[in-house]
Amino acid sequence: MDNSVARPKSLKFKEPVIDVAFSPTTNLVASSLITGHVFVHRYSVDGNTRQQRRKVHKKSCRSVCFSGDGEVLYTGSKDRTWQTMDVETGAETLRITAAHEKPIDIINYVNEQTVATGDEAGNVKLWDVRKKKQAFAYKEHVDYISDMEFCQSKRHLLATSGDGCLSVYDVRKAKPFQVSANQDDELLSVAIMRGGKKVVVGETDGVLGIFSYGQFGDVSDRFPGHPQSIDAICKLTEELCVTGSSDGLLRIVQLFPHKLVGVAGDHQALPVEKVVLSYDQQWLASCSHDHMVHFWDIGYIFNDAEEEEDDAAEEVRDSDHELDAQAVAIRISKDIGGGDDEDESEVDIDGYSDGSELKPADKEQLSAGEESPDNVVDAGDSGDNDGDGGWGSWDADSSDDAAGNSSRKTDRRDKAKVKAKVKRKISSEPFRQSKQRRRKDGNEAGSGQLRRSEAGKECAIGAAAVDVSVLRRAARAMGRGSRVSYLYDAEVGNYNYGYDHCMKPFRIRMAHSIIASYGLDRKMTMIQPPRATAREMTRFHTDDYIEYLQRVTPELAELMPSYNECFLPPLDCPPFDGVYEFCSISAGGSIAGAKRINHGEADIVVNWAGGLHHAKKDAASGFCYVNDIVLAILELLRYHQRVVYLDIDVHHGDGVEEAFYTTDRVMSVSLHQFGNFFPGTGDVNDVGVERGKHYAVNAPLREGIGDEAYHFVFRRVMRDVMETFRPGAVLMQCGTDSLSGDRLGCFNLSMKGHAACVEFMKSFNVPLFCVGGGGYTIRNVARTWAYETAVLLGETVSPSMPYNDYYEFFGPEYLLDVPPSNRTDMNTRKQLEQLCTDIHEHLRHVGHAPSVQMQDVPQDWPDQDTDTDTEDNGENRKHSHVHDLAD
């Protein structure tokens, strides 16, 4: 701890603090204790002064909050009572006894007339303060209410519960507004972000779930990254929040894009109960099981950049380029089980408001639990409290709270962590010096830290002395291994090619259900991508074709059969209802995934709704209408000089190969069935033309090939490709019609054999984008894509499939497996060796990775809301053809 940091000293009590709240109008902070006491302090960097000390409840006071004007303090207790107290006088102004049948866990101020309470049984009640009676009661949850947040603009009260649901109530109505789907995990905290457009919830598995406001059925995004539960969330700005976790760290988190920016404070491995922001946005206050309320400087985030001196700002920018992760890293030593190394001068023992230290004898008394001096906090002494018991005279219920029930969120905490002590040395002089020049008041903020890896390695830096942008850059430079983003739009399963058609978009929803049943969705960033616009689609496709997709209906196609056949082959690509919307989901996911790789937000991206590799520039083909792969590769080429396209679908990836047949910036590789089989292209001698000659690699195979023979070709070819071409990114089409037992395909790959190809490509440590594709035995498709998701995450999953929404589809064995059959392999060893030799010879002409002239990266494509008709002229629009970027 840097003792030079100017901040209010920590408040120390003899027993655990359960909740803390800042006044919204002045520098007052309220603390509620396990004994039923409430304290109000006036805080300052010059010293803290106790204003009020009251024993307001017989049992633990679990929640405290101020009124909007800061004049009234509300408290809720395990004794099922809530009450109000005048902050200035300390007098009780209202008490509602037996307010709930179960202990109250949370109380939340709504407005001067209304207050909300939630209890252990999941009941939420709204109270009319003026009439002193209940207004509405809601029973939507079956487990404790963990947190509440009020949305003033919509008059909505949001509540999270241990049953895994988020509930929303219009405070003017007796019925709930909406209740979310169960998230299969306890929800512990909630905050409203992004100008009221997003709702963020903290979960016990360390994931931030993100709802779009008004669409509370299920989360639209998930951000993993916390190693333990997220017990508290405090909003800083519309994009930044602070999370309090059971590992004791207060992390600064940025949303959209999601990233861990830094660490604002550390409770030495003790679970964080609450984090709040002061009215002037200068301080955070947090409480934990260390019997203290800590203050952390957060004001540097809100500093106006215009106050920076030009020369100092230039110096900081220069130093940013010179500093790497090694320059930022600070040595950390841990003293487990040792003595208390905290400097007592940093702690304001309640009652010593002048900042003086306790005498050694007094310290010994406190540590031994003996009676404290008169001027130290003692809830048992007589005076301005009700005199109900002292610190050591609790009733049985209070003893239960002391044993672990001080908060429902921490009942199951590992008590062994209580004795863990962490001693850190902070060595950030360059940052401190630059910060002193930039901040006119000369104050420095508190020390911060960055999490280095999942293994628990940490890097501590002077957060007070570092601009937020520096924290973000350092966080990226010291990130945690592979980051996986998973793109999914639940509506993709609603579309139907037709009853007799073998393509079933429903399979994507089945795969997602298995992924969720294994809990894999909680180990990656889940994103509901924006849908592609017509303008985005015409980066590759012709305007006439996309316009036709927007207008076509089954009825229109029947009236104009000859015109329809110009764009849509009638048997393979029917004009089903919603065909354009279906295409926009598939293409939108692939474009969004490519952008995440480009912006460094993910190392691996998954979009099982993509992979429609047959679509041509001006027509549909082979069940594919819009070629999302080409659109994604065009996006990748904006940041990466070379991209490999790999296709393990049983059909040749003709649409993608054709799009990049004349460029040397994309190497397309396809292993497919060849002969009297759709689409009839992909001979080994089809290697590209002009500048693209030898940059198309085709491995034509015969039917019946199994895992061993397939891997013999796959590994040799892809090793040559990666060593020769050295791509900046790989897009892999994982069509599952190459599996054994597919309705259309004639290969004999097992699920694990198919997934081994994905794992092999992951081993190159090159940004990897996996998309779906073919696959017409839908239960095998769902199994394989779920298993390959686990492979990409590096997770081991049980072969026994957990119960999911489509469990009956996978009977009677209910296993996550697709075994091979006894089908005859028509490929001989000699043929496969010759095939590998031919491909190797073609790659020899490549020689080395082609050189690409360095140039500025063009601006991002316009967002969806900028897609206007005024610029939709195909003759004048730039980047409307493949070669604008591919060349």
Side-chain angles (χ1 to χ4, degrees), residues 536-542 587 590-591 594-595 597-598 610-618 621 624 626-647 652-672 679 681-699 717-718 720-733 766-769 771 839 842-858 861 874 877-887:
E536 288 173 320
M537 295 180 191
T538 53
R539 295 173 194 165
F540 170 60
H541 296 285
T542 63
S590 294
I591 294 171
K595 288 182 178 179
I597 289 177
N598 284 347
L612 304 180
H613 58 166
H614 294 305
K616 302 300 192 294
K617 186 180 185 67
D618 57 358
S621 175
C624 306
V626 170
N627 203 315
D628 64 287
I629 298 174
V630 172
L631 297 175
I633 292 175
L634 287 175
E635 178 64 33
L636 290 172
L637 288 173
R638 299 178 59 254
Y639 283 71
H640 301 278
Q641 296 179 5
R642 295 173 296 278
V643 175
V644 160
Y645 168 64
L646 171 60
D647 193 318
H652 178 233
D654 58 331
V656 182
E657 181 185 273
E658 179 181 307
F660 300 104
Y661 208 55
T662 61
T663 179
D664 60 357
R665 292 190 62 194
V666 178
M667 181 170 282
S668 61
V669 184
S670 179
L671 292 84
H672 50 269
T681 54
D683 186 83
V684 68
N685 294 314
D686 294 338
V687 294
V689 296
E690 299 175 0
R691 288 175 55 185
K693 190 172 184 180
H694 304 297
Y695 290 92
V697 178
N698 286 296
V717 169
M718 291 314 302
D720 278 352
V721 166
M722 297 299 286
E723 291 176 357
T724 302
F725 192 61
R726 288 179 293 168
V730 175
L731 193 151
M732 185 174 184
Q733 199 263 22
V766 174
L768 179 62
F769 189 172
V771 295
I839 292 173
H842 288 310
L843 290 174
R844 284 181 60 190
H845 292 282
V846 174
H848 54 82
S851 62
V852 177
Q853 182 179 358
M854 297 303 295
Q855 54 186 340
D856 292 337
V857 176
W861 298 109
R877 185 170 58 247
K878 295 183 179 180
H879 307 304
S880 61
H881 299 289
V882 170
H883 298 291
D884 289 331
L885 281 175
D887 288 346

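Arg665 places a side-chain N or O within 3.5 Å of a backbone atom of Leu637 that can act as its donor or acceptor partner.
Partners of Pro727 according to the side-chain contact (heavy atoms from CB on, under 4.5 Å) rule, which considers only residues two or more places apart in sequence or in another chain, are Val644, Met722, Phe725, Val730. Listed by chain and residue number, Leu671, Val713, Leu835, Ile839 satisfy the side-chain contact (heavy atoms from CB on, under 4.5 Å) test with Ala699 (two or more places apart in sequence, or in another chain). Contacts of Asp647 classified as side chain to side chain donor-acceptor pair (under 3.5 Å), with partners at least two apart in sequence or in another chain: His613, Tyr645. Residues forming a side chain to side chain donor-acceptor pair (under 3.5 Å) with Thr681 (at least two apart in sequence, or on another chain): His652. Residues satisfying the side-chain contact (heavy atoms from CB on, under 4.5 Å) test with His842, not counting sequence neighbours, are Asn685, Val687, His694. Legend: residues meeting side chain to side chain donor-acceptor pair (under 3.5 Å) with Asp686, ordered by chain and number and at least two apart, are absent. Annotation: side chain to side chain donor-acceptor pair (under 3.5 Å) contacts of Ser590 (sequence neighbours excluded): Asn607, Asp628. The side-chain contact (heavy atoms from CB on, under 4.5 Å) test applied to Asn598 returns Glu635, Leu636, Tyr639, His640, not counting sequence neighbours.
Rounding to the nearest 0.5 Å gives a distance of 8.5 Å between NZ of Lys616 and CZ of Phe540. With values rounded to the nearest 0.5 angstrom, Arg726 atom CZ is found 11.5 Å from Met667 atom CE.
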Before giving the answer on side-chain contact (heavy atoms from CB on, under 4.5 Å), spell out for Asn698 and His672 the whole-Å C-alpha distance, their side-chain angles and the decisive distance to 0.1 Å.
CA-CA 8 Å; Asn698 286 296; His672 50 269; 3.5 Å; yes
